[in-house]
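Heads up, the thing below is written out as structure tokens.
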Amino acid sequence: MKNAELSLEVDNTKLTADNFKSKYKTELSLLQFITADIKEVKTTGSHLQMETDCLKVELQMLNEELSCLKKDHQEDIVKLQEDQSKCQVKVEVNSQPANDLTKALEEMREHYKVIVWSSNKKTEPWLVSKFRQCNYQNTMALEPLQTQKREVTLLRRTTQNLEAELENLHNLKASRMATLTETEQNYAAQLQRMQNIISRREDELAKTRAEFKQMSADGGILHYLKDLLEMEIKTYGQLMDAEEIRMDTSNGPLRTSTSKQKAMSITCKSLFIS
């Protein structure tokens, strides 16, 4: 019964150890999956960082182009103003002093006003179209810039979200590692206790087997001695019966009793010696 109980406890301990091993393998595979996910997130973060750097460089180039366009636009405006100032006409007239100077001056003013008005009328559509063209070019240049700004903002938000997710994954990894370490320590302690219990049970089983073997050997010796004594008793009984018969036939009852006493004393001595 003790051997059966010990073997049952050993089997239960082995099953528990197998369960611990399977749980450890499961936790290890989960840790490997989490490590692979962290590596992928790090790779994605590095790619996003590279894209962000590229977009920053492109944004800087666009800012430089915008500044160049503004500078060219300013130069065009200055040039147009210079052209407009050059369009003014300055005429010197040598007239005879006998004529009416006031009337001549009035006529000249009217004439020059007409010239300036016609010149302004001719240059105004060109200036308007030039201003519209410059505004359109600025608008077209600003649209990609606004789009790039929105994309940069979106990428920044995505980077911040990914950094937050990465921080959460780092925290999760740390907690899982702590849990795994604690689980390993608990399992190692339980396994050590079970191994100690198994060692003690095995020692007890070995002692029990040795005692059982010793008891079996002692029982065999006692059984052998019992059989030997029974055979000797039977042999002495037969001898005593034969002696009794012989004495009855030869010497009479007195010698018979004496022979019986001698036979009994011999039997007792032989049993004592045995």
Check against side-chain contact (heavy atoms from CB on, under 4.5 Å), Val41 and Glu165: CA-CA 9 Å; Val41 170; Glu165 290 179 0; 5.8 Å; no
Check against side-chain contact (heavy atoms from CB on, under 4.5 Å), Leu222 and Lys226: CA-CA 6 Å; Leu222 291 174; Lys226 179 183 176 184; over 6 Å; no
Met194 vs Phe20, side-chain contact (heavy atoms from CB on, under 4.5 Å): CA-CA, chis, key distance, verdict: CA-CA 12 Å; Met194 289 180 180; Phe20 287 156; 4.1 Å; yes
Trace of the side-chain contact (heavy atoms from CB on, under 4.5 Å) decision for His73 with Leu69: CA-CA 6 Å; His73 178 64; Leu69 288 173; over 6 Å; no
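The pair Glu243-Arg246 meets the salt-bridge criterion, with a side-chain N (NZ, NE, NH1 or NH2) lying under 4.0 Å from an Asp/Glu carboxylate O.
Arg200 contributes atom CZ, which lies 12.0 Å from atom CG of Leu6 (distance to the nearest 0.5 angstrom). One distance of note links CD of Glu65 with CE of Met61; it measures 6.0 Å at 0.5 Å rounding. The distance from the CE atom of Met177 to the OG1 atom of Thr35 is 7.5 Å, given to the nearest 0.5 Å. Atom CE of residue Met240 and atom OG1 of residue Thr235 lie 12.5 Å apart, to the nearest 0.5 angstrom. Taking OG1 from Thr16 and NZ from Lys21, the interatomic distance works out to 12.0 Å, rounded to the nearest 0.5 Å. With rounding to the nearest 0.5 angstrom, the CD atom of Glu51 is 10.0 Å from the OG1 atom of Thr158.
Smallest separation of non-hydrogen atoms from Ser175 and Leu172: OG-O, 2.7 Å.
Residues Tyr187 and Leu31 are members of separate hydrophobic clusters, defined by side-chain heavy-atom contacts under 4.5 angstrom among Ile, Leu, Val, Met, Phe, Trp and Tyr. Cluster membership for Leu30 and Leu169, using ILVMFWY side-chain heavy atoms within less than 4.5 angstrom, is shared. Put simply, Leu66 and Leu59 are part of the same group of oily side chains (I, L, V, M, F, W, Y) that touch within less than 4.5 Å, one to the next.
Arg150 pairs by the side chain to side chain donor-acceptor pair (under 3.5 Å) definition with Thr147, not counting sequence neighbours. With sequence neighbours left out, the salt bridge (charged side-chain N to carboxylate O under 4.0 Å, His left out) criterion links Glu9 to Arg201.
Val152 forms part of a hydrophobic cluster together with Leu48, Leu55, Leu155, Leu162, judged by ILVMFWY side-chain heavy-atom separations under 4.5 Å.
Within 6.0 Å of the CD atom in Gln60, the count of heavy atoms belonging to other residues, nucleotides or ligands does not exceed 12.
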